Visitor: 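Below you'll find the structure I mean.
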Amino acid sequence: MRRYGKNTDEDDIRQRPNRKGNRPRTNIRPKHEDAAEGMVLTVDRGRLTVLIDDIPVHAMKARELGRKAAIVGDRVWVVGDLSGKKDTLARIVRIASRTSVLRRTADDDDPYERVVVANADQLAIVTALADPEPRPRMIDRCLVAAYDGGLSPLLVLTKSDLAEPSKILDLYGDLDIPYVVTSRQELEDGTAVARVREQLDGKITAFVGHSGVGKTTLVNALVPEDRRRSTGLVNAVTGRGRHTTTSALALPLSGDAGWVIDTPGVRSFGLHHVDPSRVIHAFPDLEPGTENCPRACSHDEPDCALDAWVAEGHADPARLYSLRRLLATRERRDGD
Ligand SMILES: Nc1nc2c(ncn2[C@@H]2O[C@H](COP(=O)(O)OP(=O)(O)OP(=O)(O)O)[C@@H](O)[C@H]2O)c(=O)[nH]1
Ligand SMILES: [Mg+2]
Ligand SMILES: [Zn+2]
């Protein structure tokens, strides 16, 4: 596992091993010379847990940071009691600039942005093939948020023991977006875990999706229990009844091979913050067809070239329908 030394300076940051992703680095020497660097694992009402030298340290934001909030995935510098012992509270004195920011709003017409995760390289869009029913509309929205936030998407289709993946793969299988299909059986015998791990190596991956799709089940299968316990934080699923996740939690994969970030299920992925002109990037199969569009085409107007292009058979009409639906509902309250 990666270790963060104290007295971190620029050179240490540069020499950090296993940098496949574009983790933040800084040219500014920390103001506090004795500050230790770590990663925010979770945030609970102003109390943060920061992993420093393998120790989950309790911390809060120093007043000097002002309104700037640290979120899960942030790289931070911490001073004070770094023992991680009960009732200790260190102070976060600096937050590194972020390489990516995953944002959402509750609804499209809600201007209040929730920053979900910082510095993730990849967005695992988790969709159950049944229970709950898959909703392509949610997938499209997550794709928009991923491209907009600077994360590369990964589709994870769970519960293939309950339903066939073919319908969803008809829509998304040819988009050059990596995908994995998992079932309960394959999670238990380890085959699904190996397949998912291949897609996660060296990256920071945030798992998002509706409640009950199996995000925590998957994350727990990926990160062995003793490892989860060593962070002092456990997102429980086992035991009696369902355990819905209430706050985002970052966990390190074994072998210094990246991180997984479990997040609470969402009803919708509001995109109030996304400029409508950027929505098309989440539809790579349709994007080439916009070449003959009029200038500043909204792609939801009579002169849009996509109708003819799709009619010529270049893309699935269902995808154009999805794009239009997303563009049309972006300014309205939205059901899923
Ligand atoms: N049949 C089947 N059930 C699964 C599978 N994966 C997860 N489940 C079940 O689905 C339910 C929900 O799983 P969770 O992992 O809690 O779902 P979640 O996405 O974390 O839900 P939230 O935390 O509410 O967002 C649990 O009862 C799991 O046992 C699967 O591959 N097949
Ligand atoms: Mg969960
Ligand atoms: Zn157009």
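Note that these values count all heavy atoms, side chains included, but never hydrogens, waters or copies made by symmetry. Read the numbers this way: they start at 1 and go in the same order the structure lists the ligands and their atoms. Everything quoted here is computed from the prediction, not taken from an experiment.
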Visitor: Determine whether a donor-acceptor pair (N or O, by modelled atom type, separation under 3.5 Å) exists between the side chain of Arg103 and the backbone of Gly149.
Guide: no
Visitor: On a heavy-atom basis, which atom in His58 and which in Lys85 lie closest, and how many Å separate them?
Guide: CD2-O, 3.4 Å
Visitor: Specify whether an N/O/S atom of Thr217 falls short of 2.8 Å from the Mg ion (ligand 2).
Guide: no
Visitor: Among Val208, Val266, Leu271, Thr263, which residue meets the side-chain contact (heavy atoms from CB on, under 4.5 Å) test with Arg104?
Guide: Val266
Visitor: Could you tell me which atoms of ligand 1, counted from 1 in the order shown, lie closer than 4.0 angstrom to a heavy atom of Asp161?
Guide: 1 (N), 2 (C), 30 (C), 31 (O), 32 (N)
Visitor: Which ligand 1 atoms are under 4.0 Å away from a heavy-atom of Thr217?
Guide: 6 (N), 7 (C), 13 (O), 14 (P), 15 (O), 28 (C)
Visitor: Heavy-atom contacts under 4.0 Å between Leu162 and ligand 1: side chain, backbone, both, or neither?
Guide: side chain
Visitor: Please determine if Thr216 has a nitrogen or oxygen closer than 3.5 Å to a nitrogen or oxygen of ligand 1.
Guide: yes
Visitor: Within a distance under 4.0 Å of any heavy atom of Lys215, pick out the atoms of ligand 1 and give their elements.
Guide: 15 (O), 17 (O), 18 (P), 19 (O), 20 (O), 21 (O), 22 (P), 25 (O)
Visitor: Can you confirm, on distance only, whether ligand 1 has an N/O atom lying under 3.5 Å from any N/O atom belonging to Asp262?
Guide: no
Visitor: Looking at Arg184, is its backbone amide N or carbonyl O close enough to the side chain of Asp161 to form a donor-acceptor pair, meaning the two atoms are under 3.5 Å apart?
Guide: yes
Visitor: Got an N, O or S from Ser211 under 2.8 Å of the Mg ion (ligand 2)?
Guide: no
Visitor: Is Thr158 in polar range of ligand 1, meaning some N or O pair under 3.5 Å apart?
Guide: no
Visitor: Knowing that exactly one of Val40, Val50, Leu48 qualifies, which makes a side-chain contact (heavy atoms from CB on, under 4.5 Å) with Val78?
Guide: Val50
Visitor: Angle at the Zn ion (ligand 3): provide the value between SG of Cys297 and SG of Cys293, rounding to 10 degrees.
Guide: 110°
Visitor: Identify every side-chain donor-acceptor pair in residues 293-309 under 3.5 Å, counting partners at least two apart or on other chains, and give the distances.
Guide:
{"residue": "Ser298", "atom": "OG", "partner": "Asp300", "partner atom": "N", "Å": "3.1"}
{"residue": "Ser298", "atom": "OG", "partner": "Glu301", "partner atom": "OE1", "Å": "2.9"}
{"residue": "Glu301", "atom": "OE1", "partner": "Ser298", "partner atom": "N", "Å": "3.1"}
{"residue": "Asp307", "atom": "OD1", "partner": "Arg324", "partner atom": "NH1", "Å": "3.2"}
{"residue": "Asp307", "atom": "OD2", "partner": "Arg324", "partner atom": "NH2", "Å": "3.1"}

Visitor: Do the side-chain N and O atoms of Ser254 and Arg197 include a donor-acceptor pair separated by under 3.5 angstrom?
Guide: yes
Visitor: To the nearest 10 degrees, could you say what angle the Mg ion (ligand 2) makes with OG1 of Thr245 and OG1 of Thr216?
Guide: 90°
Visitor: Heavy-atom count around Lys167 NZ within 6.0 Å, excluding the residue itself: above 12?
Guide: no
Visitor: Within the structure provided, determine whether Trp259 and Leu51 are in side-chain contact (heavy-atom separation under 4.5 Å).
Guide: yes
Visitor: Can you check whether Arg184 has an N/O within less than 3.5 Å of an N/O in ligand 1?
Guide: yes
Visitor: Check His299 and report its N/O/S atom nearest to the Zn ion (ligand 3), by atom name.
Guide: ND1
Visitor: Kindly check if the number of other-residue, nucleotide or ligand heavy atoms within 6.0 Å of CD (Glu312) is above 12?
Guide: yes
Visitor: Does some side-chain heavy atom of Leu251 sit less than 4.5 Å from a side-chain heavy atom of Asp262?
Guide: no
Visitor: Is there a nitrogen or oxygen of Gly265 sitting under 3.5 Å from a nitrogen or oxygen of ligand 1?
Guide: yes
Visitor: Is it true that Ser183 lies under 4.0 Å from ligand 1, counting heavy atoms only?
Guide: yes
Visitor: As an exercise, identify every atom of ligand 1 less than 4.0 angstrom from a heavy atom of Thr244.
Guide: 22 (P), 23 (O), 24 (O)
Visitor: Within the structure, does Gly209 bring an N/O atom to less than 3.5 angstrom of an N/O atom in ligand 1?
Guide: no
